[in-house]
Every structure is written in C-alpha cells, then in structure tokens.
Amino acid sequence: MESELKDLNSKPPNCNGNANSVCDDRPLLKPEPPASSDSIAEMEKKFAAYVRRDVYGTMGRGELPAKEKLLLGFALVTLLPIRVVLAVTILLFYYLICRVCTLFSAPTGEEEQEDYAHMSGLRRTVIVSCGRALSRVMLFIFGFYWIPESNSASQEDRSQPEELGRPSVIISNHVSYLDILYHMSSSFPSFVAKRSVAKLPLIGLISKCLGCVYVQRESKSSDFKGVSAVVTDRIQEAHQNESAPLMMLFPEGTTTNGEFLLPFKTGGFLAKAPVLPVILRYHYQRFSPAWDSISGVRHVIFLLCQFVNYMEVIRVPVYHPSQQEMNDPKLYANNVRRLMATEVFIRFSLRKNSMFCYCTVN
C-alpha cells in the first residue's frame, strides 16, 4: 500500500511531455478535504482514500454506541454462526464440483501459470455455470439480497462497430474482496492473484479453474514470464478468441474506502484492446464493506454480523481506444479512469438534485 500512498502526495508528472500541461493524478470521485493546519486534518487529507467513516471507526476499533453493541452481540450468537456454516458449505460444494470436473485433466500453461480455464465442452460449462450461480448464493448469504445494476448515466454514445471486437478485459474499481465474488457471479473472469493463492486448500483449485494469473514478485528467475506480459497475452487471446476467458483487473492496485478512484496502472491497457469499465458502489449506514484499514478477520466478522448489505453496480459502455490511446497506455488508462469517475459524479448529482464539483476530473 505504501506505493499507492506515495502516489497521493507525489508531484503530478508532466502530461505528454508538455511543460505547461500537468496530469491530474489525484484520487477521483470525491473532492479532497479542505486544507488545514491541524495535524489530524492533514493526516485525514493525506490518507483520505483509506479513511473509514462508518460507526465502527478507524480500523474497526472505534467506541460503539449502546444500540450498536446490542445489535452486534445479537448477531454474533445468531446470524454469524449460520452464515459461516452456509458459506463453508457452499465453498466445499463448489470445490467438489471443480475437483470432479478436472479429474484426469492436465492444467494448461507453464508451471507458474497453470490453469483449467482453457478446458472446453461440458466440464467447462459446468464449472462456469455453477461458479456464477454459487457466487451469487454466497453474496446472498453475506447479506447482499439484491444487487441493482444499471447502465451508464452518461449521454455520450460510445457504441462502436462490431468489427472492432468485444471487450477482452473488465476494468473495475477495488473496494473489497467482495468485488471478486460479484464479478465471478456476473462474468466469471480470470483475476490476478498472488502465487501463494494457488497453494491454498480449496481456494487454490478454484483459482486455477478461474484461470488466475499468478504474481510471484520474489521470483528472480529469467525463465519466469513477467506478469504484465502474461496479462497482455491473455487479454489479446480473449480479444481474438470468444471462447477464451475474460480478464478482470483492478488497475488501482489496492483497495480504497470506495469514495476515491486512485491513479490506474497501465498493465491492463498495454494490449490495446477494448475494455469494459464496471463501477461497484457499497452503501452503508453502520458498517462499511470497504476493506481498507481493517484486519481481514475483523472485517469478515463485522460484515457477517450486519443483517443487510448493499451493493450497486454501474456498467459503462465498452471503451474502444483511439489510435493515440493505443500508442500511449498511460493516456488510455487516464481516460478510462476519468470516464468512470465522471459516471459516478453524474449519478451522484442526479440523486442529490444538485451539481457536484467536477474540478478534479477536468
């Protein structure tokens, strides 16, 4: 996370080599807090993209009101055990499905990037169909009983001829590990994951069925293909072959509190292929599902103790890069990021019946 925090405070680089033009790499979606001489206010401004604003406070360790303590205590002894048992049952059931479907089948790819996502026929259909259905069931167990999905609020028509090709990569903001469950239920794409994930019990096989691209930062071997090159190859494959799995990327590189959109990394834009931007928004009154400055165990417990959780999905039209964007992945990434931020601003403005400040996206 340190690199992302540094990006928030670093001086914006010159844009396209023009000394008079500056790229705005500040987080989008919400204006920065006003400057203050107070040290606490300065810290909140500095790490604004990671500050929790729910009743549980910073790192989920804030002092709770009496009513919240009663609700939490009741959920701990009733709702939490039921949800844990159901979630583990679903996980085991899907693992068995993946195990049966991959019997007598060798994974494709190199040793560091082996997967079962390139299987064909009935077995692949069963893995994908069951994965999507059970991921939605898992979200239901976690309290996401309904997930409204809507198209872009922008009036700009970005429709393109079919010959330009389908989107081969989904670009999404990153707020929580729940993002992965939603995208699995929606399109069952391949993700980028740590190499250690492939060795986890149960999860390891499922990640290989998803076709995850594994990151192995500690590897210095010359024969280990760089993750950017692998991702680019997979995106190009999906662009050319409709039966190949889509890639799913979180170009921010880390999670935020959902109120900001950090500068995008360019790895997902090197393939010069069309992208499908998807925006996830979590609404809350008590506990925020955002996984930013809170431990994993504490986050899961509080999430499962919340009776209802809310998620909203905004689908932006497929973005086809111009020739200039194809030649400049940084420009391509910045323009997609700006489009996604603008869509949220428009949606927010329509709901609040007032125009929101666009100065950070211009």
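Note that this is a predicted model, so its numbers are computed, not measured.
- Arg52 is not listed as a side-chain neighbour of Asn257, based on a closest heavy-atom distance of 4.5 Å or more.
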Stepwise side-chain contact (heavy atoms from CB on, under 4.5 Å) test for Arg195 and Val215: CA-CA 5 Å; Arg195 179 59 191 168; Val215 179; over 6 Å; no
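- Hydrophobic clustering (side-chain heavy atoms under 4.5 Å, transitive across Ile, Leu, Val, Met, Phe, Trp, Tyr) groups Leu200 together with Ile206.
- The side-chain hydrogen bond (donor to acceptor under 3.5 Å, both in side chains) test applied to Ser129 returns no partner, not counting sequence neighbours.
- Under the 4.5 Å side-chain heavy-atom criterion for ILVMFWY residues, a single connected hydrophobic cluster contains both Leu181 and Leu91.
- Cluster annotation: Phe93 is connected to Val128 through the hydrophobic network of ILVMFWY side chains, with a link wherever side-chain heavy atoms come within less than 4.5 Å.
- Rounding to the nearest 0.5 angstrom, the gap separating the CE atom in Met184 from the CG atom in Leu139 is 9.5 Å.
- Annotation: side chain of Val192 is in contact with side chain of Val231 (closest heavy-atom distance under 4.5 Å).
- Partners of Glu68 by side-chain hydrogen bond (donor to acceptor under 3.5 Å, both in side chains), not counting sequence neighbours, listed by chain and number: Tyr56, Arg286.
- The two residues Ala244 and Glu237 make their nearest non-hydrogen contact at CB-CG, 3.8 Å.
- Arg337 pairs in a side-chain contact (heavy atoms from CB on, under 4.5 Å) with only one of the listed residues (Pro251, Pro263, Pro277), which is Pro263.
- Among all heavy-atom pairs drawn from Arg338 and Thr342, the shortest one is O-OG1, 2.7 Å.
- Sorted by first and then second residue, the pairs that involve residues 321-341 and meet ring pair (Phe, Tyr, Trp, His ring centres under 6.0 Å), not counting sequence neighbours, are Phe269-Tyr332, Tyr319-Tyr332.
- Residue Val175 comes nearest to Asp179 through the heavy atom pair N-OD2, 2.7 Å, listed as atom of the first residue, atom of the second, then distance.
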Pair Tyr310-Trp146, side-chain contact (heavy atoms from CB on, under 4.5 Å): steps then yes or no: CA-CA 8 Å; Tyr310 301 95; Trp146 57 89; 3.9 Å; yes
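- The shortest non-hydrogen separation linking Ile279 to Glu343 is CD1-CB, 4.0 Å.
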Step-by-step side-chain contact (heavy atoms from CB on, under 4.5 Å) determination, Val169 to Leu246: CA-CA 6 Å; Val169 57; Leu246 293 173; over 6 Å; no
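- Put simply, the side chain of Thr256 reaches to within 4.5 Å of the side chain of Leu262, judged on heavy atoms.
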Residues Asp115, Leu210; criterion side-chain contact (heavy atoms from CB on, under 4.5 Å); working and verdict: CA-CA 8 Å; Asp115 67 76; Leu210 278 164; over 6 Å; no
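- Shown here are the side chain to side chain contact (heavy atoms under 4.5 Å, CB included) partners of Val137, two or more places apart in sequence or in another chain: Ile90, Ile141.
- Nearest heavy atom pair, residue His239 against residue Ala273, reads CG-CB, 4.1 Å.
- Residue Leu103 shares its hydrophobic cluster (ILVMFWY side chains chained together at separations under 4.5 Å) with Phe104.
- Contact annotation: the side chain of Leu339 never approaches that of Asn335 to less than 4.5 Å [non-hydrogen atoms, C-beta and beyond].
- To the nearest 0.5 angstrom, Leu134 atom CG is 14.0 Å from Phe140 atom CZ.
- The local environment of CZ in Phe74 is sparse, with at most 12 non-hydrogen atoms from other residues, nucleotides or ligands closer than 6.0 Å.
- The distance from atom CG of Leu303 to atom CG of Leu178, rounded to the nearest 0.5 Å, is 5.5 Å.
- Atom CD1 of Ile235 and atom CE of Met247 lie 6.0 Å apart (nearest 0.5 Å).
- Side chains of Leu280 and Val313 form a contact here, defined as non-hydrogen atoms less than 4.5 Å apart.
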Test log, rule ring pair (Phe, Tyr, Trp, His ring centres under 6.0 Å), inputs Phe188 and His183: CA-CA 6 Å; Phe188 205 77; His183 288 294; over 10 Å; no
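- Between Cys305 atom SG and Leu79 atom CG the span is 6.5 Å, to the nearest 0.5 Å.
- For Gln306, the side-chain hydrogen bond (donor to acceptor under 3.5 Å, both in side chains) partners are Asn309, not counting sequence neighbours.
- For the 3.5 Å distance criterion, the side chains of Ser288 and Arg53 fail to qualify, holding no donor opposite an acceptor.
- For the side-chain hydrogen bond (donor to acceptor under 3.5 Å, both in side chains) test, residues two or more places apart in sequence or in another chain that qualify with Ser322 are Glu325.
- Atom SG of residue Cys101 and atom CG of residue Leu96 lie 10.5 Å apart, to the nearest 0.5 angstrom.
- Side-chain atoms of Ser187 and Ile170, non-hydrogen and from C-beta on, do get closer than 4.5 Å to each other.
- Residue Thr255 comes nearest to Tyr50 through the heavy atom pair O-CE2, 3.5 Å, listed as atom of the first residue, atom of the second, then distance.
- When atom types are taken as modelled, the side chain of Ser186 and the backbone of Tyr182 share no donor-acceptor pair closer than 3.5 angstrom.
- Hydrophobic cluster membership is shared by Tyr116 and Ile180, with clusters built from Ile, Leu, Val, Met, Phe, Trp and Tyr side chains linked at under 4.5 angstrom.
- For residues 83-102, the side chain to side chain donor-acceptor pair (under 3.5 Å) pairs, not counting sequence neighbours, are Arg83-Tyr145, Tyr95-Arg99.
- Between Asp328 and Lys330, no side-chain nitrogen of the basic residue sits less than 4.0 Å from a carboxylate oxygen of the acidic one, so the salt-bridge criterion is not met.
- Contacts classified as side chain to side chain donor-acceptor pair (under 3.5 Å) and involving residues 197-211 (residues at least two apart or in different chains) are given here: Glu114-Lys208, Ser207-Tyr214.
- Listed by first and then second residue, the salt bridge (charged side-chain N to carboxylate O under 4.0 Å, His left out) pairs that reach into residues 124-147 come to none, sequence neighbours excluded.
- Put simply, the side chain of His299 gets close to the backbone of Pro289: a donor and an acceptor are under 3.5 Å apart.
- The number of heavy atoms from other shown groups lying within 6.0 Å of OH (Tyr177) is above 12.
- His283 has its side chain within reach of Glu312: a pair of non-hydrogen atoms, C-beta onward, lies under 4.5 Å apart.
- You'll find the ring centres of Phe250 and His174 inside the 6.0 Å limit.
- Counting heavy atoms from C-beta outward, Leu270 and Pro329 have side chains that approach closer than 4.5 Å.
- In the hydrophobic cluster analysis, where Ile, Leu, Val, Met, Phe, Trp and Tyr join through side-chain heavy atoms closer than 4.5 angstrom, Val100 is grouped apart from Leu122.
- Counting only residues at least two apart or in different chains, side chain to side chain donor-acceptor pair (under 3.5 Å) contacts with residues 241-251 comprise Asn241-Ser243.
- Under a 3.5 Å cut-off, the side chain of Ser168 and the backbone N or O of Ala238 do not form any donor-acceptor pair.
- In this view, Glu63 and Lys69 satisfy the salt bridge (charged side-chain N to carboxylate O under 4.0 Å, His left out) rule, not counting sequence neighbours.
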